[in-house]
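Here the structure is laid out as structure tokens; the discussion comes afterwards.
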Amino acid sequence: MGVNKVKLYDADPRVLTAFANTGVGFTIAVGNEDLQAMAASPDAARRWVAANVQPYVPATRITCVTVGNEVLSGNDTAAMASLLPAMRAVHAALGDAGLGQPVAVSSAHSVDVLATSFPPSSGAFREDLAGYVRPILDFHAQTGSPFLVNAYPFFSYKASPGPGPGGVSLPYALFQPNPGVRDPGTGLTYDNMLYAQIDAVYAAMQAAGGRADVGVTVSETGWPSRGDDDEPGATAQNAAAYNGNLMRRVAAGQGTPLRPAVPVDVYVFALFNEDLKPGPTSERNYGLLYPDGSPVYALDAGGPGPGGSLNPYYTSMFSSSSSSGSAVGVTFLTEKVVLSLLLQAIVILRRSHSYC
């Protein structure tokens, strides 16, 4: 499939060892449970780097470390207070290790860290999180790492399926033709919800401290192919439309209306269906593939393929270059599943050269 980047939710040594000497780049993760120890002691961060990074480089390319996942949208105040100190400790430990290659440090946040997201120009972080977010943005600006956000238009559509007042139209959520929505603050028109959410984060960062020098990466997005009765729109057809339409835009290097010259970095969740995951049916059906590796649906990402479509086994999106000649990388994000060695994954399509 031409995969050249992989993002793990942990630092599984079996995975990192298996990909030695392949050239595949990895993002690995520090779990939420380790934040307080790393914040309290630089030695904890150095030990983590010594155990999870140094034994594998340079044979395995590790390019980024994410510290914690959606910490600020939870209710663990101790973890929230420890997040930035832990990020700083890991960044320092990586520098002290003298790895000979740049390794970025970031953390993934839920879009729920925003108090307002529409219109995009009104984007603002929650007031109760301002004391955490502003110094984190300073850290990103100082180190050149991106701000990561998990954004799912599916959840907005599920909560308020349109059309109608306050509703989200399905074409708007799926990148399909629609009249678009105008932002009265900027005069810009948005034809899809995801790009509106991205620009809301940019607006929030600007309002939080004028941080126009920090990039935004969508660290998770996707659409389920199945759902419960109260999950409208969760179909294979809509999942194929959302992922395929998004991939075409990323391959074209399209930016958001607010930042048209900045190509969007997006992790599409997920490679495999997580058949052992609890919760709503949709939670087990975000994958492009079934756990046995067979395709859930054909993915039309705008290139040639059997029957005129692109499926996970035949797609120009998983090649070394796009039709314009610029490199298009694909990254998979994986997590451990209890009782299974399945690699749960996220596809990342990217044209920029940021590390995360």
Side-chain angles (χ1 to χ4, degrees), residues 108-125 146-163 166-207 211-212 214-223 233 238-269 300-302 317 322 324 326 328 346-352 354 356:
H109 307 282
S110 167
V111 75
D112 291 341
V113 297
L114 297 180
T116 57
S117 60
F118 195 84
S121 60
S122 70
F125 292 109
F147 186 86
L148 306 184
V149 60
N150 300 335
Y152 288 88
F154 169 73
F155 292 133
S156 298
Y157 177 76
K158 173 184 174 179
S160 303
V168 177
S169 76
L170 190 59
Y172 181 67
L174 296 178
F175 297 88
Q176 293 175 331
N178 67 90
V181 180
R182 183 177 181 274
D183 183 335
T186 60
L188 298 172
T189 297
Y190 290 82
D191 67 355
N192 72 87
M193 173 169 278
L194 181 64
Y195 282 20
Q197 291 176 323
I198 296 172
D199 279 355
V201 176
Y202 277 123
M205 292 196 305
Q206 183 69 26
R211 279 304 181 190
V214 176
V216 174
T217 292
V218 179
S219 42
E220 289 184 24
T221 192
W223 198 279
N238 289 341
Y242 182 84
N243 289 330
N245 290 336
L246 173 58
M247 289 178 183
R248 282 197 293 273
R249 292 189 180 220
V250 172
Q254 182 187 67
T256 65
L258 187 62
R259 299 204 174 180
V262 180
V264 175
D265 282 349
V266 180
Y267 293 78
V268 178
F269 188 86
D300 183 356
M317 292 301 298
S322 70
S324 65
S326 298
V328 177
I346 283 178
V347 182
I348 179 173
L349 300 172
R350 48 197 293 142
R351 287 167 60 98
S352 72
S354 59
C356 289

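All heavy atoms count here, side chains included; hydrogens, waters and symmetry mates do not. Quick caveat: nothing in here was measured; it's all calculated off a predicted structure.
Contact record, Gly187 with Arg182: CA-NH2, 3.7 Å, taken as the closest heavy-atom pair. Nearest heavy atom pair, residue Phe154 against residue Gly222, reads CB-O, 4.3 Å. Closest approach of Gly123 and Ala207 over heavy atoms only: O-CB, 4.5 Å. The two residues Pro120 and Ala203 come nearest to each other via the heavy atoms O-CB, 3.2 Å. The nearest pair of heavy atoms linking Pro179 to Thr189 is O-CG2, 4.3 Å. Between Ala151 and Thr221, the closest heavy-atom pair is O-OG1, 2.7 Å.
For the atom pair OG (Ser169) and CE (Met193), the distance works out to 8.5 Å, reported to the nearest 0.5 Å. The line from CG of Leu194 to CG of Asn245 is 12.0 Å long, rounded to the nearest 0.5 Å. Residue Leu148 holds its CG atom at 7.0 Å from NE2 of His109, rounded to the nearest 0.5 Å. To the nearest 0.5 Å, atom CG of residue Asp112 and atom CZ of residue Phe155 are 9.5 Å apart.
Asn192 is listed as a side-chain neighbour of Arg249, based on a closest heavy-atom distance under 4.5 Å. At least one side-chain heavy atom of Tyr190 sits less than 4.5 Å from a side-chain heavy atom of Tyr172. A 4.5 Å side-chain heavy-atom check between Val262 and Thr256 finds every atom pair outside the cut-off.
A cation-pi arrangement, defined by a distance under 6.0 Å to the six-membered ring centre and an angle within 45 degrees of its axis, is present between Arg259 and Tyr202.
A distance-only check finds no donor-acceptor pair linking the side chain of Asn238 to the backbone of Trp223 [under 3.5 Å]. Without hydrogens or angle criteria, Asp199 side chain to Leu258 main chain gives a donor-acceptor distance under 3.5 Å. The main-chain N or O of Pro146 is never found under 3.5 Å from a side-chain atom of Thr217 such that the two would form a donor-acceptor pair. Counting only distance, with no hydrogens or angles, the side chain of Ser117 and the backbone of Gln197 share no donor-acceptor pair below 3.5 Å. At least one donor-acceptor pair closer than 3.5 Å links the side chain of Asn178 to the backbone N or O of Gln176. Side-chain atoms of Ser219 come within 3.5 Å of backbone atoms of Val149 as a donor-acceptor pair (strictly under, hydrogens ignored).
Phe118 meets the ring-ring contact (aromatic ring centres under 6.0 Å, His included) test with no other residue; sequence neighbours excluded.
Side-chain contact of Ser110 with Asn150: a donor-acceptor pair under 3.5 Å is absent, judged by distance alone.
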Could you check Arg248 against Phe175 for side chain to side chain contact (heavy atoms under 4.5 Å, CB included), going step by step and ending with a plain yes or no?
-> CA-CA 10 Å; Arg248 282 197 293 273; Phe175 297 88; over 6 Å; no
